[in-house]
Amino acid sequence: MSRPLVVHPDRFFPADPATRKLCRQLYEQVEKLPIVSPHGHTDPRWFAYDEPFADATSLLLTPDHYVLRMLYSQGVPMEALGVKPRGEKASVDPRAAWRRFAEYYHLFRGTPSRTWLDWVFADVFGLTVRLDASTADVYFDCIGERLATPAFRPRALFERFNIDVLATTESPIDSLEHHVAIRNSGWQGRVITAFRPDPVVDPEFEGFLGNLDLLSQMTGEDARSWQGYLAALRQRRAFFAAMGATSTDHGHPTAATADLSDAQAAALFARVTNGKPTPEDAELFRAQMLTVMAGMSVEDGLVMQIHPGSWRNHNPSLFERFGRDKGADIPMRTEYVRALQPLLARYGNEPSLTIIVFTLDESTYARELAPLAGHYPALRLGPAWWFHDSPEGMRRFRKATTETAGFYNTVGFNDDTRAFLSIPARHDLARRIDCGFLAELVMEHRIEDWEAAELAVDLAGKLAKQAYRL
Amino acid sequence: MSRPLVVHPDRFFPADPATRKLCRQLYEQVEKLPIVSPHGHTDPRWFAYDEPFADATSLLLTPDHYVLRMLYSQGVPMEALGVKPRGEKASVDPRAAWRRFAEYYHLFRGTPSRTWLDWVFADVFGLTVRLDASTADVYFDCIGERLATPAFRPRALFERFNIDVLATTESPIDSLEHHVAIRNSGWQGRVITAFRPDPVVDPEFEGFLGNLDLLSQMTGEDARSWQGYLAALRQRRAFFAAMGATSTDHGHPTAATADLSDAQAAALFARVTNGKPTPEDAELFRAQMLTVMAGMSVEDGLVMQIHPGSWRNHNPSLFERFGRDKGADIPMRTEYVRALQPLLARYGNEPSLTIIVFTLDESTYARELAPLAGHYPALRLGPAWWFHDSPEGMRRFRKATTETAGFYNTVGFNDDTRAFLSIPARHDLARRIDCGFLAELVMEHRIEDWEAAELAVDLAGKLAKQAYRL
Amino acid sequence: MSRPLVVHPDRFFPADPATRKLCRQLYEQVEKLPIVSPHGHTDPRWFAYDEPFADATSLLLTPDHYVLRMLYSQGVPMEALGVKPRGEKASVDPRAAWRRFAEYYHLFRGTPSRTWLDWVFADVFGLTVRLDASTADVYFDCIGERLATPAFRPRALFERFNIDVLATTESPIDSLEHHVAIRNSGWQGRVITAFRPDPVVDPEFEGFLGNLDLLSQMTGEDARSWQGYLAALRQRRAFFAAMGATSTDHGHPTAATADLSDAQAAALFARVTNGKPTPEDAELFRAQMLTVMAGMSVEDGLVMQIHPGSWRNHNPSLFERFGRDKGADIPMRTEYVRALQPLLARYGNEPSLTIIVFTLDESTYARELAPLAGHYPALRLGPAWWFHDSPEGMRRFRKATTETAGFYNTVGFNDDTRAFLSIPARHDLARRIDCGFLAELVMEHRIEDWEAAELAVDLAGKLAKQAYRL
């Protein structure tokens with residue numbers, strides 16, 4: 001017996017009737033505003049070549065580490081979900097993987113993945129029954145059929161989703177060929193890149209030294225010398241900016257920054273590029289490079305994003321067998337006040353610089369990040385991130401930061417996802433939660449209704465456009 | 001002038017009328033389900049010999065460290081509450097102690113102790129006026145009279161409380177004679193033990209070396225040698241399992257685990273059993289033993305519980321005078337991501353293993369524990385524990401963990417109490433709070449009503465039975 | 001087009017209609033109770049000489065670091081707000097500064113500063129339009145005119161505000177001349193001091209050694225010798241107590257305490273007074289002095305307040321240019337369980353001692369502070385502090401602490417402000433939030449309505465009077 005699938009128009013609105021009514025009014029103003037997506041991980045190839053997506057499993061299941069981790073946590077092997085072990089060929093039939101997913105779909109009750117997926121099923125694919133073991137095939141067939149039609153090609157979906165701008169993320173040693181192809185195609189969708197230098201600024205990144213050699217080749221600079229390295233980075237930043245990038249992104253294990261003298265920095269660079277660096281040197285080099293990157297941002301105007309605090313690949317046997325991004329990245333306690341001080345002491349008062357900081361450690365919202373962002377002109381708070389990109393996570397973010405940092409030291413919402421089809425649902429959720437928060441403030445007479453109306457529009461995209469200089 | 005005592009049928013339900021109505025419907029389904037209590041500290045002697053409890057003070061006041069600490073914090077001396085200093089005889093008349101308690105009962109406003117106690121007074125003893133100075137004697141007399149009747153003997157209460165299964169906690173060097181007596185008595189109540197090896201795996205436990213000698217005597221193994229020690233532990237685990245145990249429990253100061261080679265472990269064992277160990281060696285040995293115990297669990301199927309993060313006996317003069325468990329155990333910041341990594345790297349992917357982790361540090365719910373449990377097949381989250389076993393504590397637990405770990409990586413409720421009479425009130429509170437949380441999800445259209453109904457039953461006992469293999 | 005300014009009578013009350021009704025009833029009982037302000041930073045000169053305040057900018061804008069930091073964070077230079085660089089003369093016209101403030105007033109949406117300021121504008125000055133660029137001059141003129149009238153002199157406002165008692169904070173080397181002047185003036189307003197010894201107990205305080213020399217001069221003791229230093233401190237404490245002080249206040253970077261032998265302490269004192277101390281010695285000396293001060297409190301009955309956890313002057317170039325208290329003080333993670341243990345082991349069981357602990361690290365409320373205060377007779381919890389002195393901050397405080405510490409281990413509200421005009425608004429906010437919290441407990445049948453009524457009065461001032469011995 002299948003159950004009807006309904007995406008309720010009042011979803012995520014506060015339960016109190018008067019607050020809900022107010023929330024609904026605010027939401028109506030922002031519901032259809034274009035999507036501004038300044039930070040994410042979609043694949044530029046989709047938009048460059050506009051080829052159809054293959055099937056439900058390879059589009060919605062196998063690449064989504066949020067979904068994989070939950071299924072894996074309840075004993076479903078990765079292979080059964082279509083994830084290939086490194087060096088092996090795929091062994092699972094996509095339909096079989098989808099059936100397994102459907103059978104375990106109840107695990108997602110109460111999670112944001114369930115919310116995003118149900119929206120994709122109902123709104124993008126027009127499904128009207130819930131996903132479960134009995135409807136797995138209906139889903140697989142229906143989604144497969146739709147994906148084969150022109151209306152479900154990447155560019156058509158981009159337009160249907162009313163996306164104003166979408167940023168992907170690339171490494172300095174990426175040629176940006178797909179972005180070039182998008183430009184050359186004549187298609188008008190605005191897909192831009194962002195500069196993510198981890199592979200060439202983190203001495204512990206896989207293949208770091210080889211990456212520097214690639215960087216040398218691409219730039220004609222000697223990236224194995226400190227000055228050549230800096231020149232090469234500047235050159236790539238300029239190229240990324242020319243390709244539309246307005247931001248850089250830094251995914252470090254901690255928020256540590258340093259402000260060494262140039263001689264100290266050059267000596268450190270020599271150490272970390274001469275064989276395997278010590279963990280302390282690697283951490284210090286990453287720390288120093290955040291400050292160096294901030295300095296380059298003062299020069300070239302790229303907005304700087306810092307995403308610290310994740311222990312990547314916590315499960316070694318899983319990593320060895322399946323590689324990165326399989327759901328085994330775990331947040332750690334993260335400190336910002338001491339960590340960011342060297343960078344902020346150097347550049348925090350620069351009015352032309354914008355640094356957007358994210359966290360996986362919510363205890364820092366009210367204690368560290370809101371006070372820092374509520375003081376330093378260069379600092380802004382990114383939205384609730386990753387595990388906290390969820391109804392409760394977003395509510396905690398607003399409740400913990402607004403009283404100290406206000407709304408205008410935050411930057412609206414970004415989706416940070418590689419799950420392209422879920423992007424509208426993610427932005428919609430953020431708008432609903434923000435409208436609910438604003439409605440509650442109005443109900444408690446903490447702001448006026450006309451202020452809430454202004455703020456709803458600010459949070460739905462205007463602040464993101466301003467902060468990311470889009 | 002005494003006040004009426006009313007335990008309201010809608011207690012702990014959300015205030016919003018529509019949400020409350022939904023919550024009430026969910027609760028009606030689970031209200032009368034049998035109690036599954038897989039982790040607690042009741043005394044097996046009660047059920048072995050079924051002797052009447054003595055009086056209100058010795059049953060409800062003196063052994064309850066939650067109650068003692070609050071009264072002590074407001075200046076009531078321990079002696080005045082009937083707590084005997086070590087080596088001294090009792091000096092306080094139980095009635096006088098009860099009167100003091102009654103006089104200060106307003107201190108418990110807003111606390112869960114008040115909730116549990118009021119339920120015991122009203123529902124177990126049929127009292128109809130509130131406890132205060134004016135009703136102290138009425139209470140003391142009424143409770144005393146009832147306790148003298150057959151209906152208030154331990155087994156009768158066990159049956160009246162509709163307890164399906166109740167686990168106590170014993171040390172490996174406990175003979176389990178009372179559990180043997182329960183079995184031999186022919187009584188059908190299911191009271192089982194749990195294996196708590198702290199006295200023989202923590203080198204800093206009082207009497208550690210003597211405990212090892214006892215372990216040698218009980219098992220015929222040489223528990224002063226590493227191999228004999230392991231064999232002795234295996235033997236005792238098997239005996240506990242034969243006496244009904246389905247779980248082990250580990251109450252370490254931190255969550256540290258280690259994965260030493262056998263030679264390193266043997267050398268460490270030699271050090272910690274040869275005189276007073278260094279704090280570092282003691283910590284490393286506890287850490288190593290968690291991984292060893294996990295390995296034994298893979299062998300014998302006992303579910304592993306880890307309860308870390310309490311500074312025991314923080315108040316030295318109080319400890320010296322009155323001993324353990326007097327309310328001076330204080331939670332500390334607790335780290336899990338790094339701490340559990342060695343154990344999880346070794347055994348975290350074992351589908352046959354279940355490790356249930358608890359915390360006194362709520363900042364880890366969303367940041368560390370939910371992501372870990374939402375990935376590792378072996379890991380589950382225990383319910384809100386100790387100071388957080390309360391309406392707000394349980395709500396924070398669900399709000400912080402559900403979006404990342406879902407419901408099915410949690411294990412329902414356990415009471416963790418030695419206050420036998422409060423067990424139904426504790427489970428009832430958990431059911432009420434969980435139903436309230438589910439009702440809110442339905443009101444916000446995050447789950448369907450029929451899903452909430454299923455989940456209410458799962459959380460009320462089904463998940464505990466599954467996780468603890470009962 | 002200017003907008004009407006309305007301070008709504010139901011502001012900050014819960015949205016649910018039945019809860020709001022209950023809240024309103026509780027609030028009506030406490031709304032007009034006198035203000036007890038046992039901890040703050042107003043200037044005693046105001047009450048000593050009762051001179052008129054100058055203008056809106058110098059009264060409400062320039063000295064308020066909450067307001068400065070928000071404006072600065074959005075790029076408004078300090079100078080434009082009337083803040084003088086060290087050693088320079090003021091360059092900004094107060095009216096121009098006020099206009100800049102008005103132009104940016106929307107930044108404060110959702111912040112407590114907005115709440116307090118709007119109340120001051122509406123209730124103290126009778127303004128009926130909102131502050132924005134179009135009304136800046138109306139505000140500046142109106143406030144200026146009112147301030148020139150007798151009804152807006154400090155003492156008149158003190159009386160109008162119905163302040164029962166107001167504590168300021170002074171250093172041991174302050175002569176208390178203004179407090180003497182208040183006493184000698186014959187005015188009946190109760191303005192008392194509090195003993196804040198940081199300048200003479202923190203070896204890293206600016207001018208520490210010079211401060212000791214001043215202490216010697218004031219007391220006739222040799223404050224450069226350990227015994228003379230202790231005698232000088234005792235003498236100043238006695239003088240402060242004679243001038244009405246009932247408390248001491250300690251603003252340390254951490255909560256560390258120590259309990260050295262007298263010989264160790266004397267040796268440490270010699271080290272920290274002999275040139276620049278090491279950071280470790282400085283920290284240990286502060287730690288030791290907290291325990292020393294607790295011992296003196298046992299002797300003389302002064303209540304001890306500990307305010308730890310702020311990184312002062314995080315922004316070095318701003319500090320160099322403008323000095324202290326410009327909004328660049330940032331909270332840090334703070335540990336209490338280990339830190340306070342030496343002091344509590346020594347004095348925590350003293351029934352005659354009261355230590356009130358504050359925090360900027362909310363993760364410690366439920367984990368550390370409520371369990372500690374719910375056990376040690378000497379310990380009480382101060383209210384939500386600084387960045388957390390806000391609607392959400394106060395709610396989190398009550399929700400996180402009440403279940404473990406109850407209400408009676410907290411001490412009601414204090415405002416901790418130098419913004420004299422906002423004091424009524426701050427106390428009013430606390431009363432509203434506490435009544436809302438109590439109303440919610442009643443709605444969930446966790447306490448009775450008559451208990452909520454008692455508690456509302458306790459929290460509105462009674463607990464503060466008791467805890468601070470006023």
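Worth knowing before you read on, the calculation uses all heavy atoms, side chains too, and leaves out hydrogens, waters and symmetry mates. Computed from a predicted structure; not experimentally measured. Here is the naming used below: chain letters follow the sequence lines, and residue numbers restart at 1 for every chain.
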Cut-off 4.5 Å, heavy atoms of chain C, and the answer for A:T19 is side chain

If you tally heavy-atom pairs under 4.5 Å against chain A, which of C:L68, C:L71, C:I330 wins?
C:I330

Select, from C:M332, C:R20, C:Q74, the one with the greatest count of heavy-atom pairs under 4.5 Å involving chain A.
C:Q74

Between C:W385 and C:D416, do the side chains contain a donor N or O and an acceptor N or O under 3.5 Å apart?
yes

May I ask you to decide if A:Q264's main-chain N or O and A:S261's side chain share a donor-acceptor pair within less than 3.5 Å?
yes

Please say which of A:H252, A:H307, A:H388, A:H250 ends up in a ring-ring contact (aromatic ring centres under 6.0 Å, His included) with A:F358.
A:H307

Under 4.5 Å from a heavy atom of chain A, the part of C:V6 involved:
backbone

Let me know if A:A15 has heavy atoms under 4.5 Å from chain C in its side chain, its backbone, both or neither.
neither

Given A:N409, A:I447, A:L379, the one with more heavy-atom pairs under 4.5 angstrom with chain C than any other is A:N409

If one checks every heavy atom of A:D16 against chain C at 4.5 Å, the contacting part turns out to be side chain

So which part of C:E362 gets closer than 4.5 Å to some heavy atom of chain A, the side chain, the backbone, both or neither?
side chain

Leading residue by heavy atom contact count with chain A [cutoff under 4.5 Å; candidates C:H314, C:M70, C:R11]:
C:H314

Under 3.5 Å donor-acceptor, A:T410 side chain and A:F407 backbone
yes

Most contact-rich option vs chain A, by heavy-atom pairs under 4.5 angstrom, among C:P331, C:P316, C:G309, C:G393, is C:P331

Atom CD of residue position C:E320 - does it have more than 12 heavy atoms of other residues, nucleotides or ligands inside 6.0 Å?
no

Distance only, no hydrogens: is a donor on one side chain within 3.5 Å (strictly under) of an acceptor on the other, for A:D458 and A:Y408?
yes

Could you have a look at C:Y66, C:F13, C:F12 and say which one has the most heavy-atom pairs with chain A under 4.5 angstrom?
C:F12

In plain terms, say whether C:R333 and C:D361 are close enough for a salt bridge, that is, a side-chain N and a carboxylate O under 4.0 Å apart.
no

C:E335 (side chain) donor-acceptor with C:R338 (main chain) under 3.5 angstrom:
yes

Under a 4.5 Å heavy-atom cut-off, does chain C meet the side chain of A:A18, its backbone, both or neither?
neither

Donor-acceptor pair, distance only, cut-off 3.5 Å: does the side chain of A:E368 make one with the backbone of A:Y336?
yes

Region of A:A378 in contact with chain C, defined by heavy-atom distances below 4.5 Å
neither

Counting only non-hydrogen atoms closer than 4.5 Å, can you tell me which residues of residues 107-115 of chain C sit against chain A?
C:L107, C:R109, C:G110, C:T111, C:P112, C:R114

Checking an interface table here. Which of residues 424-439 of chain C come within a heavy-atom distance under 4.5 Å of chain A?
none

With no hydrogens and no angle check, just 3.5 Å: does a side-chain donor-acceptor pair link A:S363 and A:R367?
yes

Any side-chain donor paired with an acceptor under 3.5 Å for A:Q341 and A:T257?
no

Smallest separation among heavy atoms of C:Y139 and C:R130, with atom names
OH-C, 3.6 Å

Shortest non-hydrogen contact from A:G412 to A:P383?
O-CB, 3.4 Å

Any sub-3.5 Å donor-acceptor pair from C:K326's side-chain atoms to C:R324's backbone N or O?
yes

Just by distance, with hydrogens left out, do A:T248 and A:Q305 show a side-chain donor and acceptor under 3.5 Å apart?
no

At a heavy-atom distance under 4.5 Å, which candidate from A:T404, A:L455, A:T364, A:T402 has the highest pair count against chain C?
A:T404

Measure A:E440 against the heavy atoms of chain C and call it side chain, backbone, both or neither at under 4.5 Å.
neither

Verify whether one side chain among C:Y105 and C:D118 offers a donor that lies under 3.5 Å from an acceptor in the other.
yes

Examine the side chains of C:S317 and C:R321 and answer whether a donor and an acceptor come within less than 3.5 Å of each other.
no

With only heavy atoms counted, which part of A:L344 is less than 4.5 Å from chain C, the side chain, the backbone, both or neither?
side chain

